[in-house]
S.K.: 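What follows is a structure written as structure tokens; I'll ask about it next.
We use all heavy atoms of the structure for the numbers below, so side chains are in, but hydrogens, waters and symmetry mates are not.
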Amino acid sequence: MSSSLKLAQGFLKDAQKASKGGWFSKPEWDLAAQYLDKAATAFKAARHYEEAADCYAKASDAYVQINAVYLAAKCFENAAVLADTHLKDHEKAVTYYSRASDLYRSQGAAADKAAEMMESAAKICEDIDTNRAIQLYDNALSIYENEDRGRFGVDTFKRTIRYLLDKGRLSEAVDIQMRLSAVCEHVNNRFELNKSNLSAIIILLAFGDSVEAGKKLDEFGQDVTFTRSKEAAAAEHL
């Protein structure tokens with residue numbers, strides 16, 4: 001037995017003892033969380049990845065007991081990485097990433113991190129479950145939008161649109177493209193807004209909906225900045 005494994009098992013026993021409490025004492029969740037976190041690190045060093053992921057998940061629950069929400073979220077993130085990279089347990093990885101996202105978001109000041117966790121879960125599902133991947137991407141985008149962090153989610157919007165186009169989900173791609181345009185307009189990012197408007201027209205034409213593409217061009221034409229842009233000129237020639 002390696003020294004790391006012995007250390008991990010020792011930390012795990014200490015954590016179990018701290019979490020139980022006694023006749024005249026309550027569970028010491030702060031100690032339990034620390035021991036479980038250390039046990040996870042030691043199990044990881046010993047390459048016992050399943051035990052490491054389990055300890056991270058249990059450490060997260062213990063951190064929640066003491067309202068250390070950010071640390072709880074970080075533990076689920078660590079568990080997700082192990083589940084995905086070493087265990088190849090995609091279902092468990094998605095679950096852990098989703099839990100991490102919920103905790104990061106509830107923490108209040110980590111909306112971007114919450115969205116990042118949802119996106120990580122979506123990437124895992126891309127080649128496994130298309131509908132679930134799309135839903136998880138949409139969850140990530142909604143976090144950016146609802147928390148007024150859209151300017152930091154532009155790349156995620158674009159990645160989602162590319163994925164939808166790759167899967168032939170053109171109608172949904174248009175919807176996401178228009179949401180991206182709304183975000184760009186909200187933050188006054190004219191450069192990205194012009195590109196997004198042009199992309200929406202291109203997608204509609206690819207979808208065979210020239211009528212709606214024409215309507216969008218007329219709608220975008222109400223914006224003087226767009227009409228003077230190279231994107232508008234390109235749209236006119238499509």
S.K.: Within the side chain of S229, is there an N or O that forms a donor-acceptor pair under 3.5 Å with the backbone of F226?
M.R.: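 Side chain of S229 to backbone of F226, a donor-acceptor pair under 3.5 Å: yes, one is there.
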
S.K.: Under a 3.5 Å threshold, yes or no: a donor from one side chain and an acceptor from the other, between Q135 and N139?
M.R.: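 Their side chains do contain a donor-acceptor pair, which is all the 3.5 Å distance test asks for.
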
S.K.: How close do C125 and R132 get, counting heavy atoms only, and between which atoms?
M.R.: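 Nearest heavy atoms, C125 then R132: SG-CD, 3.9 Å.
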
S.K.: So do R47 and H86 actually touch side chain to side chain, heavy atoms under 4.5 Å?
M.R.: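 H86 does not reach R47 side chain to side chain.
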
S.K.: Answer yes if L193 and I202 sit in the same cluster of Ile, Leu, Val, Met, Phe, Trp and Tyr residues linked by side chain heavy atoms under 4.5 Å apart, and no otherwise.
M.R.: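 Result: no, two separate clusters.
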
S.K.: Using 30° and 60° as the class boundaries, would you call the ring planes of Y163 and Y137 parallel, tilted or perpendicular?
M.R.: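 Tilted, since the angle between the ring planes falls between 30° and 60°.
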
S.K.: When you check the gap from the basic side-chain N to the acidic O, do E231 and K195 get nearer than 4.0 Å?
M.R.: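 No, this pair does not count.
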
S.K.: Would you find more than 12 non-hydrogen atoms of other residues, nucleotides or ligands less than 6.0 Å from R228 atom CZ?
M.R.: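 Open.
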
S.K.: Do other residues, nucleotides or ligands put more than 12 heavy atoms under 6.0 Å from E192 CD?
M.R.: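 Result for CD/E192: enclosed.
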
S.K.: Side chain to side chain donor-acceptor pair (under 3.5 Å) for N131 and R169? Distances and angles first, verdict last.
M.R.: CA-CA 10 Å; N131 288 333; R169 308 283 280 264; 3.2 Å; yes

S.K.: For F152 and Y144, run ring-ring contact (aromatic ring centres under 6.0 Å, His included): C-alpha distance rounded to whole Å, both residues' side-chain angles, the deciding distance at 0.1 Å, then the answer.
M.R.: CA-CA 7 Å; F152 301 104; Y144 282 122; 8.0 Å; no

S.K.: Quick one: does N146's side chain have a donor or acceptor within less than 3.5 Å of a partner on S142's backbone?
M.R.: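 The answer is yes, because a donor-acceptor pair under 3.5 Å joins these two groups.
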
S.K.: Taking the side chain from H48 and the backbone from K44, do they hold a donor-acceptor pair closer than 3.5 Å?
M.R.: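 Side chain of H48 to backbone of K44, a donor-acceptor pair under 3.5 Å: no, none is there.
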
S.K.: Look at D209 together with K215 and state whether they make a salt bridge at an N to O cut-off of under 4.0 Å.
M.R.: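 Salt bridge between D209 and K215, a charged N being under 4.0 Å from a carboxylate O: no.
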
S.K.: Without swapping roles, check the side chain of S98 against the backbone of V94 for a donor-acceptor pair under 3.5 Å.
M.R.: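 Yes: the side chain of S98 pairs with the backbone of V94.
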
S.K.: Would R179 and D138 pass as an ion pair if we require N to O under 4.0 Å?
M.R.: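 Salt bridge flag = yes for D138 with R179.
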
S.K.: Would a distance-only check, ignoring hydrogens and angles, find a side-chain to backbone donor-acceptor pair under 3.5 Å from S60 to Y56?
M.R.: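 Not at all, since once roles are kept as given, no pair shorter than 3.5 Å links the two residues.
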
S.K.: Is it the case that the side chain of S19 and the backbone of Q16 share a donor-acceptor pair, with hydrogens and angles ignored and the cut-off at 3.5 Å?
M.R.: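 It does hold such a pair.
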
S.K.: More than 12 heavy atoms of other residues, nucleotides or ligands under 6.0 Å from CD of E50: yes or no?
M.R.: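 Atom CD in E50 is not packed in, count stays at 12 or less.
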
S.K.: Do K58 and D54 sit within salt-bridge range, that is, some charged N less than 4.0 Å from a carboxylate O?
M.R.: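 Between D54 and K58 there is a salt bridge, with a charged N closer than 4.0 Å to a carboxylate O.
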
S.K.: So, Y104 and E116: side-chain donor and acceptor under 3.5 Å apart, yes or no?
M.R.: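 Side chains of Y104 and E116: no pair found under 3.5 Å.
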
S.K.: List the atom of L82, the atom of A53, and the distance in Å for their closest heavy-atom pair.
M.R.: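 Nearest pair, atom of L82 first, then A53: CD1-N, 3.7 Å.
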
S.K.: Within the side chain of T225, is there an N or O that forms a donor-acceptor pair under 3.5 Å with the backbone of R190?
M.R.: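 No, because the side chain of T225 does not come within donor-acceptor range (under 3.5 Å) of the backbone of R190.
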
S.K.: Flag the pair L217 / E236 as yes when at least one side-chain heavy-atom distance between them is below 4.5 Å, and no otherwise.
M.R.: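 They are in contact (side-chain heavy atoms under 4.5 Å apart), so the answer is yes.
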
S.K.: Between E126 and K123, is there a salt bridge with N-O shorter than 4.0 Å?
M.R.: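 Salt bridge absent between K123 and E126.
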
S.K.: Do Y96 and D84 pass the side chain to side chain donor-acceptor pair (under 3.5 Å) test, and can you show the C-alpha distance, the side-chain angles, and the key distance before you say yes or no?
M.R.: CA-CA 10 Å; Y96 286 156; D84 181 34; over 6 Å; no

S.K.: For a side-chain contact (heavy atoms from CB on, under 4.5 Å) check, start with the C-alpha distance between F157 and I176, then their side-chain angles and the critical distance, and finish with the verdict.
M.R.: CA-CA 7 Å; F157 273 95; I176 299 298; 3.8 Å; yes

S.K.: According to a 4.5 Å side-chain heavy-atom criterion applied to Ile, Leu, Val, Met, Phe, Trp and Tyr, with indirect links allowed, do F76 and V64 form part of one hydrophobic cluster?
M.R.: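 In one cluster: yes.
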
S.K.: Kindly check if the number of other-residue, nucleotide or ligand heavy atoms within 6.0 Å of NZ (K167) is above 12?
M.R.: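 Yes, the 6.0 Å shell around NZ holds more than 12 heavy atoms from other groups.
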
